[in-house]
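The figures that follow rest on heavy atoms only: side chains count, while hydrogens, waters and symmetry mates do not. Ligands are counted one by one from 1 in listed order, and the atoms in each one are counted from 1 as well.
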Amino acid sequence: MVISSPSGGGKTVVRSGLLKLDKRFAFSVTCTTREKRPGEIDGRDYYFVTVAQFKKLRRDGKLLEWAVVHGNYYGTPVKSVAAVLEQGRIPVMTIDVKGAHSVKKIFPAAVTVFLLPPDLKTLVQRLRGRGEKPENVAVRLETARSEIKVASRFDYLVINDKLPEAIREVAAIADLETRKIGRNLDKVKAFGRQLGKRSRGA
Ligand code: ADP
Ligand code: 5GP
């Protein structure tokens, strides 16, 4: 489950609500070269790495995708996603728009969700409310213009107006997706084998 949005769109809060609501989901921690913000914990929020460490991970093919966002490197370690899949859980990735498209290309079974606040005024209020400086708000809104242009490539749109509702909508998307026949062919085939045995008189 790949969740993207313009900065301030609500990826972080929706993700944390989703993980609390439903134990099927687990966060796949990504890595970044940006400075740790107050309250962030290495290994929980991000793996904080140096530029040299990041480049080595990239060179060694350890990243599923990577991007430069606002001047810093970000990337999804293959290991992070694999670990969650091995537990039989749904990896939740909150990454930028370019990263979301890369993941979908490499891994078509991924479900991509684009989050949008109900209107621009709300987005600006939320960015300011998060303590972003005016110049940072301006940069993020400029980036948002190009992100919006490619939104049609996402599978789903969720409007993040009331937070609990947005979280429930993302969970509902997962509910529907897990019921897709293509994701359940093993069960259909098992039923078919039982029918085969029955018709052979077993
Ligand atoms: P992102 O991770 O996409 O940059 P955040 O999750 O940090 O965005 O959200 C930006 C700010 O807006 C945060 O301060 C967050 O608490 C607030 N916020 C997000 N969604 C809502 C919502 N539905 N209602 C009220 N505040 C919200
Ligand atoms: P922030 O620095 O505010 O936590 O994140 C900045 C942007 O980078 C956000 O849009 C966030 O989702 C995105 N991001 C975080 N991790 C990754 C990643 O591994 N890959 C990509 N492509 N984007 C990421």
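- The N/O atoms of Glu65, backbone and side chain alike, include one that comes under 3.5 Å of an N/O atom in ligand 2.
- When each of Tyr73, Tyr47, Tyr46 is tested with Phe54 by the rule ring-ring contact (aromatic ring centres under 6.0 Å, His included), just one qualifies, namely Tyr73.
- For Leu176, the CG atom sits in a packed shell: over 12 heavy atoms of surrounding residues, nucleotides or ligands are nearer than 6.0 Å.
- Checking only distances, Lys162 never comes within under 3.5 Å of ligand 1, N or O to N or O.
- For Met93, the closest heavy-atom approach to ligand 2 does not fall below 4.0 Å.
- Between Arg140 and ligand 2, not a single N/O pair is under 3.5 Å apart.
- The shortest heavy-atom distance from Lys11 to ligand 2 is under 4.0 Å.
- Side-chain contact check for Thr76 versus Leu63: every heavy-atom pair is 4.5 Å or farther apart.
- With respect to atom 9 (O) of ligand 1, the closest heavy atom belonging to the protein is Gly10 CA, 3.8 Å.
- The shortest N/O to N/O separation between Thr94 and ligand 2 falls below 3.5 Å.
- Under a 4.0 angstrom heavy-atom cut-off, Ser5 registers as being in contact with ligand 1.
- Arg183 and Thr178 get closest at one heavy-atom pair: CD-CA, 4.2 Å.
- The protein atom (non-hydrogen) at minimum distance from atom 16 (N) of ligand 2 is Thr30 OG1, 2.9 Å.
- The pair Arg34-Glu40 counts as a salt bridge, with a side-chain nitrogen and a carboxylate oxygen less than 4.0 angstrom apart.
- Here Asp161 has backbone heavy atoms under 4.0 Å from ligand 1, and that is the only part of it that gets that close.
- Under a cutoff of 6.0 Å and an axis angle of 45°, Arg15 and Phe27 form a cation-pi pair.
- Summary of contacts: the protein heavy atom closest to atom 2 (O) of ligand 1 is Thr12 OG1, 2.6 Å.
- Comment: Asp22 engages Arg24 in a salt bridge, judged by a side-chain N to carboxylate O separation of less than 4.0 angstrom.
- Nearest non-hydrogen protein atom to atom 18 (N) of ligand 1 is Arg126 CD, 3.7 Å.
- Residue contacts with ligand 2, taken as heavy atom pairs separated by less than 4.0 Å, do not involve Glu40 at all.
- Among the atoms of Gly75, some N or O lies under 3.5 angstrom from an N or O of ligand 2.
- Taking a 4.0 Å cut-off on heavy atoms, Gly9 registers as neighbouring ligand 1.
- Geometrically, ligand 1 and Val13 share a nitrogen or oxygen pair separated by less than 3.5 Å.
- Distances from atom 4 (O) of ligand 1 to the heavy atoms of Arg130, Glu132, Arg128 put Arg130 nearest.
- Considering backbone and side-chain atoms together, Arg34 places an N or O closer than 3.5 Å to an N or O of ligand 2.
- Ion pairing of Lys36 with Asp45 is absent here, as no side-chain N (NZ or NE/NH1/NH2) approaches a carboxylate O to less than 4.0 Å.
- Counting all heavy atoms, side chain and backbone alike, Ala166 lies closest to Val14 at CB-CG2, 4.4 Å.
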